[in-house]
Participant: 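Sharing a structure, written as structure tokens. Questions coming.
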Protein chains: 2
Amino acid sequence: MVGIDDVARRAGVSTATVSRALSGRGHVAAATRERVEEAAAELGYVVSASASSLATGRMRNIGVVVPFLNRWFYTSVLEGAQRRLMQYGYDLTLYNLSGSSNERSTVFEQFLLRQRVDAVIAVSLELSAEEVDSLHALGKPLVGVGGPIRGVPTVSIDDVGVTRLATEHLLSLGHTVIGHIGGDVDAEMSFHMPTNRRLGWEDALRDAGVEPRPELYFPAVFTMESGYVAAKQMLGDPRLRPTAVVVASDEMAIGVILAARDMGLDVPRDLSVVGIDDHELASFFGLTTVAQFPEQQGERAVELLMRELEQSRDDEPSNLQLPFELVVRSSTSRPRPDRESRG
Amino acid sequence: MVGIDDVARRAGVSTATVSRALSGRGHVAAATRERVEEAAAELGYVVSASASSLATGRMRNIGVVVPFLNRWFYTSVLEGAQRRLMQYGYDLTLYNLSGSSNERSTVFEQFLLRQRVDAVIAVSLELSAEEVDSLHALGKPLVGVGGPIRGVPTVSIDDVGVTRLATEHLLSLGHTVIGHIGGDVDAEMSFHMPTNRRLGWEDALRDAGVEPRPELYFPAVFTMESGYVAAKQMLGDPRLRPTAVVVASDEMAIGVILAARDMGLDVPRDLSVVGIDDHELASFFGLTTVAQFPEQQGERAVELLMRELEQSRDDEPSNLQLPFELVVRSSTSRPRPDRESRG
DNA sequence: CAGGCCGACGCAAGCGCTTCCAATCGCCGC
DNA sequence: GCGGCGATTGGAAGCGCTTGCGTCGGCCTG
């Protein structure tokens with residue numbers, strides 16, 4: 001294994017100079033730097049990560065904790081974070097909590113607290129105060145993506161805003177009987193998000209002078225199947241007869257479209273559907289949706305972290321609200337005037 | 001930061017003994033070990049990964065390279081690998097190649113070759129000889145998941161076998177005009193897999209005395225939309241009239257089901273569809289499929305690696321073929337006797 | 001022309017572990 | 001009862017890098 005001394009010898013300088021030349025820290029004459037770089041290249045030298053880490057105390061490695069892997073949102077965040085980290089020369093080590101429940105404590109106690117990462121990004125996780133504190137006690141910056149974590153800088157979208165926008169779209173088309181299929185507070189790890197999305201639906205309705213009817217809200221988990229089941233219930237109840245529905249995720253919304261189809265309803269003629277996400281399947285199903293950009297969220301999270309790690313922590317932990325936007329496709333339209341003829 | 005000396009002092013032993021007690025290597029009296037463990041626990045001591053790595057030369061960290069993140073197969077493999085690695089006390093650092101094309105060389109040259117990982121798992125990647133060699137030159141074991149890599153132990157499924165099984169299922173139901181929608185060789189990073197799956201379809205047909213018709217094969221990429229488009233072509237051609245179709249992935253197969261539905265065909269009455277994967281959406285769509293178990297593949301890959309890393313390399317690099325099985329749901333049935341009435 | 005300053009570079013002290021080697025000690029077999 | 005062996009423990013030498021401190025000149029002011 002070629003080490004720094006080999007390079008030093010070949011370039012005719014001290015190891016100190018090699019280190020400075022290669023890392024760009026400290027003053028090195030241009031000619032010297034060039035000679036060192038050449039020598040390093042010729043020998044195929046790469047610094048030993050562990051030796052470097054031991055000396056500097058920095059691992060150049062960020063831990064990313066996700067609650068699941070098999071979900072579009074998380075993998076997209078991961079993708080964005082990974083790309084940006086790589087640009088900074090950092091590694092991303094992945095911790096997935098979707099296994100057994102005690103995996104969570106293992107991750108925290110055995111892995112994150114071991115000195116393997118310089119910082120952690122928690123995606124859609126509500127961390128306990130102890131978890132946050134123990135990380136901070138080790139001087140490890142922490143940023144959240146998704147649900148806000150108290151005392152931790154977070155990048156997220158305005159969850160109230162997205163469903164509000166979706167609902168306003170339907171209102172503007174003339175709908176007034178608008179249902180909502182959203183996350184089940186109890187079933188989710190990130191319990192604020194479903195609540196906020198429901199609030200956006202309610203707020204928009206109220207602002208339009210329509211009192212939201214609780215019986216038009218149906219809880220579900222964030223899967224296509226669950227959206228399908230919820231839609232069957234909603235659409236099967238003759239007392240409800242919504243002309244449109246705001247769904248808290250695209251996957252659920254696709255389930256809703258499928259359910260409507262199976263019940264002989266035409267989307268959007270008999271039922272307008274709008275989702276949240278702009279999932280990769282949304283365009284295939286012609287789903288109108290409010291796009292969010294999880295990859296961007298991952299990138300921003302990394303940038304926040306880098307600012308904390310590399311520079312002085314001049315500014316207080318700032319939460320970032322990322323943009324979202326309405327994407328109109330073919331699952332929404334004006335309600336049919338003769339909707340009473342349905343069913 | 002509490003270090004090994006703090007523990008040593010508190011336990012009244014030398015640092016050497018602390019190291020031995022905590023790592024389980026070497027002989028330590030039971031009583032001493034206990035005292036050390038207590039002291040460590042009380043102080044909240046955790047070894048410094050970098051110091052330990054520097055001394056031992058092992059990072060306890062495995063690099064996993066995937067071509068994409070947003071696909072069921074990869075995330076499932078990842079999930080399995082991660083879970084098993086964690087049990088071994090290893091970290092998983094993730095490298096995703098789905099960015100720009102030069103990301104690939106960056107990953108290899110800048111990251112994998114830097115001393116940050118003890119070994120790498122390549123998922124569905126055809127590595128070049130140089131890539132393999134440079135890794136081996138650094139003494140880093142390498143195992144593949146998915147497509148076979150020459151000279152590298154690989155865990156995979158029998159890609160010929162899966163479509164063969166799917167096709168045999170259809171044959172046994174009485175189908176004879178069986179189409180195939182498979183991967184486009186040119187579009188995939190892992191070009192063996194689509195070819196093998198096509199071969200399985202052909203082999204099964206021939207074995208049943210049916211000559212496979214090339215015009216019944218339609219290439220596609222592995223997405224729902226692409227499956228949908230291919231199915232529309234296949235089903236729209238009046239000269240073909242397949243009664244069943246073997247599709248190389250569940251996502252594509254779901255696209256096929258949707259296409260058939262949109263064309264007014266009933267699945268399975270007018271068209272039987274069988275996929276490959278047992279994707280999480282398969283049961284929702286009632287898709288008959290050949291299940292593979294990517295999480296298990298990830299786990300096995302880790303086990304292979306551990307055997308190379310921890311024990312002596314007694315046995316030669318063995319390739320592992322993992323099981324698969326037919327899952328019959330409601331997308332397949334006997335062909336209708338009066339199929340001529342269709343269209 | 002002299003004092004200072006600063007850029008360029010080398011020396012060497014760690015960073016916090018692991019592990020080889022040596023020292024000690026209790027116990028077994030003869 | 002004694003030599004020896006293995007179990008147990010400590011001492012100390014690294015592992016390969018980074019960086020504070022110091023030295024040495026050359027160049028800029030005054």
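Chain A is the first sequence line, chain B the second, and so forth, proteins listed ahead of strands; every chain is numbered from 1.
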Participant: Side-chain N or O of S14(B) versus OP1/OP2 of dG10(D): is the shortest distance under 4.0 Å?
Facilitator: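 For dG10(D), OP1 or OP2 has a side-chain N or O of S14(B) closer than 4.0 Å.
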Participant: Report yes or no: is the cationic atom of R71(A) (NZ for Lys, CZ for Arg) closer than 6.0 Å to the six-membered ring centre of F73(A), at no more than 45° off its axis?
Facilitator: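 No cation-pi geometry.
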Participant: For the pair made of CG in L43(B) and P in dG16(C), what is the distance, rounded to whole Å?
Facilitator: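 It is 15 Å, rounded to the nearest whole Å.
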Participant: Over all strands shown, is A29(B) touching base, sugar-phosphate only, or nothing at heavy-atom distances under 4.0 angstrom?
Facilitator: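 It contacts sugar-phosphate atoms only.
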Participant: Could you tell me how far apart E34(A) (CD) and dC9(C) (P) are, to the nearest whole angstrom?
Facilitator: 13 Å
Participant: Just how far, in rounded Å, is P of dC17(C) from CZ of R60(B)?
Facilitator: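 Going from R60(B) (CZ) to dC17(C) (P), I get 15 Å.
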Participant: Does T17(A) place a side-chain N or O at less than 4.0 Å from the phosphate oxygens OP1/OP2 of dG10(C)?
Facilitator: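 Answer yes for this pair, as a side-chain N or O of T17(A) is under 4.0 Å from OP1 or OP2.
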Participant: Using whole Å, what does the distance between atom P of nucleotide dG26(D) and atom NE2 of H27(A) come to?
Facilitator: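 In whole Å, dG26(D) P lies 19 Å from H27(A) NE2.
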Participant: Knowing that exactly one of N96(A), T93(A), L92(A) qualifies, which makes a side chain to side chain contact (heavy atoms under 4.5 Å, CB included) with V64(A)?
Facilitator: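 For V64(A), the side chain to side chain contact (heavy atoms under 4.5 Å, CB included) test succeeds with only one of N96(A), T93(A), L92(A), which is L92(A).
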Participant: Would a distance-only check, ignoring hydrogens and angles, find a side-chain to backbone donor-acceptor pair under 3.5 Å from Q82(A) to L94(B)?
Facilitator: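 Yes; at least one donor-acceptor contact below 3.5 Å.
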Participant: For I4(B) and dA12(D), what is the distance between atoms CD1 and C1' respectively, to the nearest whole Å?
Facilitator: 14 Å
Participant: I need the CG-P distance between D5(B) and dG11(D), as an integer number of Å.
Facilitator: 12 Å
Participant: Between A51(B) and T32(B), which is nearer to the 5' end of DNA chain D once each is assigned its nearest nucleotide?
Facilitator: T32(B)
Participant: Taking only heavy atoms on the protein side, list every residue of residues 18-25 of chain B lying under 4.0 Å from any atom of DNA chain C, sorted numerically.
Facilitator: S19(B), R20(B), R25(B)
Participant: Between T56(B) and R35(B), which residue's closest nucleotide on DNA chain D lies nearer the 5′ terminus?
Facilitator: R35(B)
Participant: Send over the distance from R33(B) CZ to dT8(D) C1', rounded to a whole Å.
Facilitator: 12 Å
Participant: Can you measure L54(A) atom CG to dA13(C) atom C1' for me and round it to whole angstrom units?
Facilitator: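 After rounding, the gap between these two atoms is 13 Å.
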Participant: Hey, which of these two, S52(B) or V13(A), hits DNA chain C nearer its 5' end, going by closest nucleotide?
Facilitator: V13(A)
Participant: Determine which pairs satisfy salt bridge (Lys or Arg N to Asp or Glu O under 4.0 Å) with at least one residue from residues 31-52 of chain A, sequence neighbours left out, and list them in order.
Facilitator: R10(A)-E42(A)
